[in-house]
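Throughout, protein chains are lettered first and strands after them, A, B, ... in sequence-line order, and every chain is numbered starting at 1.
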Protein chains: 2
Amino acid sequence: MTSTRYLDIAEKLAVEIAGSAPGTRVSSEPELAARFGVGRAAARSALQELERRLLVRRVRGAGTFVNRRIDYVISHSRPPSWHATVEAAGATPRSQIKSVDRLPLPAGRAAHLDRPAGALMHRVVRTFYIDDLPASWIEEWIPVEVAPDLDLALHSVESIDLVLRQMGRVAPVRAWCRASVDLPPPEVLRGLGIEASVPVWLVDSVSRDARTGQVLMASSAWTRADAVRVVVELSDTVYPEEKTCG
Amino acid sequence: MTSTRYLDIAEKLAVEIAGSAPGTRVSSEPELAARFGVGRAAARSALQELERRLLVRRVRGAGTFVNRRIDYVISHSRPPSWHATVEAAGATPRSQIKSVDRLPLPAGRAAHLDRPAGALMHRVVRTFYIDDLPASWIEEWIPVEVAPDLDLALHSVESIDLVLRQMGRVAPVRAWCRASVDLPPPEVLRGLGIEASVPVWLVDSVSRDARTGQVLMASSAWTRADAVRVVVELSDTVYPEEKTCG
DNA sequence: GAGCATTTGTCCGTATGTATT
DNA sequence: CAATACATACGGACAAATGCT
């Protein structure tokens with residue numbers, strides 16, 4: 001005997017919720033315990049297994065709900081847009097500026113920003129939401145000379161991209177990026193409303209001006225893997241025949 | 001009072017094991033329960049928290065051990081090599097061919113392989129190990145005309161890359177790839193020795209001949225996130241000034 | 001190979017804390 | 001405030017895998 005009844009229950013529930021809309025309520029632990037004739041511990045384990053599979057989201061005091069997971073594709077061929085991506089998935093996007101500071105560039109950032117450590121930078125921290133749930137925490141570093149009054153402008157305009165285009169007269173494009181799954185620092189954990197450890201994406205990016213190639217921004221985005229399925233795509237290489245210019 | 005003693009214990013242990021070598025034994029559940037004056041449940045929760053953080057690996061009947069996690073960088077600038085990557089991290093790599101078949105190309109694969117569905121292909125399934133632990137499960141599809149006797153050659157030579165270079169007279173390079181974190185099918189879960197759900201990378205790749213651009217191979221690699229930290233790097237864009245030819 | 005102690009995995013019942021509704 | 005639901009924790013029990021004798 002395998003004596004893993006909680007996995008059997010999880011399997012049954014996984015099939016049942018496969019056809020349910022995101023946000024649908026899942027039976028509570030006591031309900032499942034009664035239905036399957038097990039203790040609350042086994043029912044709880046089954047729901048936790050579904051949570052590990054990113055199929056449900058559990059909220060203390062509220063219940064267990066079918067999870068929504070959004071695809072976010074990173075590639076050179078498509079410009080990054082949180083709002084467009086979330087809306088395309090049928091959910092409601094929202095972003096909020098947590099802080100805007102002027103700080104000297106930390107040494108760890110200098111390599112990506114083409115500027116010496118200590119140079120004066122704007123540091124913007126934002127949180128991105130899906131259906132009012134914090135899903136992504138982003139820290140962005142922008143040289144002050146690119147847009148000297150960025151901090152003031154962000155009081156009226158929310159989009160950094162827009163401000164840079166208008167005030168900085170530049171066209172930011174994602175030039176480089178590195179994605180992985182990591183353990184976030186405590187500040188980020190709090191910002192994302194995470195208590196125990198769940199997988200979180202870390203995407204480091206550098207934006208350049210499309211015309212001059214000047215570095216405009218370096219950012220680190222921490223994104224909950226249970227809310228967003230990040231997909232990184234390396235574009236197809238050009239064949240040698242097409243690469244040679246002459 | 002926040003009665004989360006297990007998180008306090010986990011934090012203490014995390015600091016303690018931070019300086020330990022991979023493979024070092026961690027105290028057992030009963031030992032921790034006695035040491036911190038808690039029940040076995042709390043001690044167990046603490047170790048499970050460390051497991052979620054990918055800091056330890058737990059084996060039933062054996063114990064809890066400090067985990068080793070290897071960086072695997074995917075980018076256009078570096079050729080993929082499991083053995084080199086694992087050895088660079090100070091661990092022992094190993095690979096094993098699970099099966100070699102001749103099968104018609106499934107419809108889902110046709111798009112990446114530049115061949116019609118139903119075309120005859122080699123299908124090679126391999127498992128990659130780190131220190132004798134299964135870490136990666138790879139399915140590779142190669143058109144038979146690229147290397148007609150691939151299946152026979154693999155009896156004596158382990159490396160597909162080598163066989164293609166010698167028999168197929170081609171130079172395979174990674175042309176395209178897409179990486180994310182997903183739920184593996186049951187066959188893969190068994191192959192990786194996974195019971196409950198843990199995060200697993202899925203990396204789909206296409207290799208082409210460096211000279212002709214011909215598609216040589218399409219593969220899907222499932223890799224345990226607790227064993228390998230996959231890092232996908234999008235190379236920096238070329239500036240417009242450099243891109244224009246002539 | 002058989003037997004044994006150790007260790008983790010599963011499960012029970014019960015109780016209390018805490019957040020949500 | 002009350003009811004609900006999840007989070008934590010206790011003690012106890014047995015199963016299953018491992019490693020050693």
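Between the CG atom of A:Leu32 and the P atom of D:dC6 there is a distance of 8 Å, given to the nearest Å. Atoms CZ (A:Phe65) and P (C:dA19) sit 17 Å apart, rounded to a whole Å. One interatomic measurement links the two molecules: CZ of B:Arg25 to C1' of C:dT8, which rounds to 10 Å at whole-angstrom precision. Computed from coordinates, the A:Tyr6 OH to D:dA15 C1' distance equals 14 Å when rounded to whole Å. Atoms CZ (B:Arg40) and P (D:dA13) sit 13 Å apart, rounded to a whole Å.
Only A:Arg60, A:Gly61, listed by number, bring a heavy atom of residues 47-61 of chain A to less than 4.0 angstrom from any atom of DNA chain C. Of the residues in residues 10-23 of chain A, not one comes within less than 4.0 Å of DNA chain C through any heavy atom.
Here side chain to side chain donor-acceptor pair (under 3.5 Å) pairs that include residues 97-109 of chain A, with residues two or more places apart or in two chains, are A:Arg102-A:Asp151, A:Arg109-A:Glu139, A:Arg109-A:Ser220. Screening residues 13-27 of chain B for salt bridge (Lys or Arg N to Asp or Glu O under 4.0 Å) gives B:Glu16-B:Arg35 as the qualifying pairs, with residues at least two apart or on separate chains. A side chain to side chain donor-acceptor pair (under 3.5 Å) check over residues 177-187 of chain B, counting only residues at least two apart or in different chains, returns the pairs A:Arg229-B:Asp182.
Applying the ring pair (Phe, Tyr, Trp, His ring centres under 6.0 Å) test to B:His112 and every residue at least two apart in sequence or in another chain returns B:Trp176. Remark: B:Phe128 pairs with B:Trp82 by the ring pair (Phe, Tyr, Trp, His ring centres under 6.0 Å) rule, at least two apart or across chains. With sequence neighbours excluded, the residues that form a side-chain hydrogen bond (donor to acceptor under 3.5 Å, both in side chains) with A:Arg40 are A:Glu29.
Note: A:Trp201 and B:Trp201 meet the aromatic proximity criterion, with ring centroids under 6.0 Å apart.
In terms of position on DNA chain C, the residue among A:Ala41 and B:Glu31 whose nearest nucleotide sits closer to the 5' end is B:Glu31.
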Hey, can you pull the donor-acceptor pairs under 3.5 Å for the side chains in residues 86-96 of chain B, sequence neighbours left out?
| from | atom 1 | to | atom 2 | distance (Å) |
| --- | --- | --- | --- | --- |
| B:Arg94 | NE | B:Asp132 | OD1 | 2.9 |
| B:Arg94 | NH2 | B:Asp132 | OD1 | 3.4 |
| B:Ser95 | OG | B:Glu158 | OE1 | 3.4 |
| B:Ser95 | OG | B:Glu158 | OE2 | 3.3 |
| B:Gln96 | OE1 | B:Tyr129 | OH | 3.0 |

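Regarding contacts with the backbone of C:dC11, every side-chain N or O of A:Arg44 stays at 4.0 angstrom or more from both OP1 and OP2.
Looking at the side chain of B:Glu29, the nearest of the listed nucleotides D:dA9, C:dG9, C:dT21 is C:dG9. Comparing C:dC11, D:dC10, C:dT8 by their closest approach to the side chain of B:Ala42 singles out D:dC10.
Residue contacts for B:Thr64: at a heavy-atom cut-off of 4.0 Å it reaches the sugar-phosphate backbone alone, with no base atom in range.
With hydrogens and angles ignored, the 3.5 Å screen pairs a side-chain donor or acceptor of B:Ser45 with a backbone N or O of B:Ala41.
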